[in-house]
Amino acid sequence: MEFFDSHAHYNDEKFDIDRKAILDKLYNEEQITRITCVGYNIKESKFALKLAQENSFLFATAGISPNDIEDFTEINLKEIENIGKDPKCVAIGEIGLDYYWNKENKELQKELFIKQIEIANCLDLPIVIHTRDAAVDTIKILEEHPVKNKGIFHCCPLNQELIKNALRLGFYVSFSGNITFKNAKSEPAVSLVPLDRLLIETDSPYLTPEPFRGTRNDSSKVKLVAQKVADIKGISLEEVAKITYQNANTIFKI
Ligand code: NI
């Protein structure tokens with residue numbers, strides 16, 4: 001059995017002390033044989049690409065997230081485009097809207113999101129979407145600015161209306177440790193997503209699944225997310241591992 005963690009941040013400083021050891025262990029001992037290392041600003045997108053170039057089982061994305069809006073300049077957008085041209089860069093992201101952390105600059109967030117959709121379309125790449133407390137505007141932008149190669153709703157909020165719209169627009173839905181949390185309404189949300197549109201991720205070092213909440217997350221714990229999906233769907237862990245691996249290869253064109 002092998003797993004593809006479709007979204008993690010080994011570029012994060014929380015891995016500075018043991019990055020190489022963790023990555024080696026994941027690949028050699030934990031059956032995590034593919035990981036997408038996701039950028040969220042200029043510095044971390046460059047670092048994600050460097051890690052992907054150094055580790056054959058790692059793939060990178062490049063993008064400026066709505067929570068890194070200070071990086072929004074024309075020069076930096078050009079930089080994202082340049083990183084996106086590298087064969088190890090498999091998507092533009094994470095990009096999107098976050099009205100939970102930032103309510104004051106909604107128009108600027110929308111502009112940044114749209115400009116990066118245009119970069120993805122120009123480079124023939126999918127996008128990785130970050131959306132928080134902004135479901136209506138996110139869907140509206142995707143309707144008005146279609147993404148040629150679609151993409152992924154990363155750490156998808158367990159909002160059934162949002163999930164239905166994401167699926168209608170042809171996107172994949174990725175679940176993280178959020179579906180394992182107590183009191184999460186995970187069952188109706190996961191049940192909505194057909195297996196051929198479902199991805200699993202950790203968002204490491206954040207969002208550690210139960211029963212390890214409060215500790216640093218790593219990609220080995222994507223198995224707990226996979227097990228939760230298996231339980232809800234009534235299928236085996238092996239099946240979840242296999243189909244989500246194939247789906248990630250398909251959307252990232254690996
Ligand atoms: Ni993330």
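Atoms within each ligand, like the ligands themselves, are counted from 1 in listed order. Position 1 is the first residue of the sequence, and the numbers go up from there.
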For Thr202 and Asp5: C-alpha separation, side-chain torsions, deciding distance, then whether side-chain hydrogen bond (donor to acceptor under 3.5 Å, both in side chains) applies.
CA-CA 7 Å; Thr202 58; Asp5 182 357; 2.5 Å; yes

First locate atom OG of Ser174, then atom CD1 of Ile251, and finally report the distance between them rounded to the nearest 0.5 Å.
11.0 Å

Cation-aromatic face contact Lys150/Tyr172, 6.0 Å, 45 degrees:
no

Can you name the residues that form a side chain to side chain contact (heavy atoms under 4.5 Å, CB included) with Asp24, not counting sequence neighbours?
Lys20, Asn28

Relative to each other, are the rings of His154 and His7 parallel, tilted or perpendicular (30° and 60° limits)?
parallel

For a quick check under 3.5 Å, do Tyr10 and Ser219 share a side-chain donor-acceptor pair by atom type?
yes

At a cut-off of 2.8 Å, what protein N/O/S atoms sit near the Ni ion (ligand 1)?
His7 NE2, His9 NE2, Glu94 OE2, Asp203 OD1

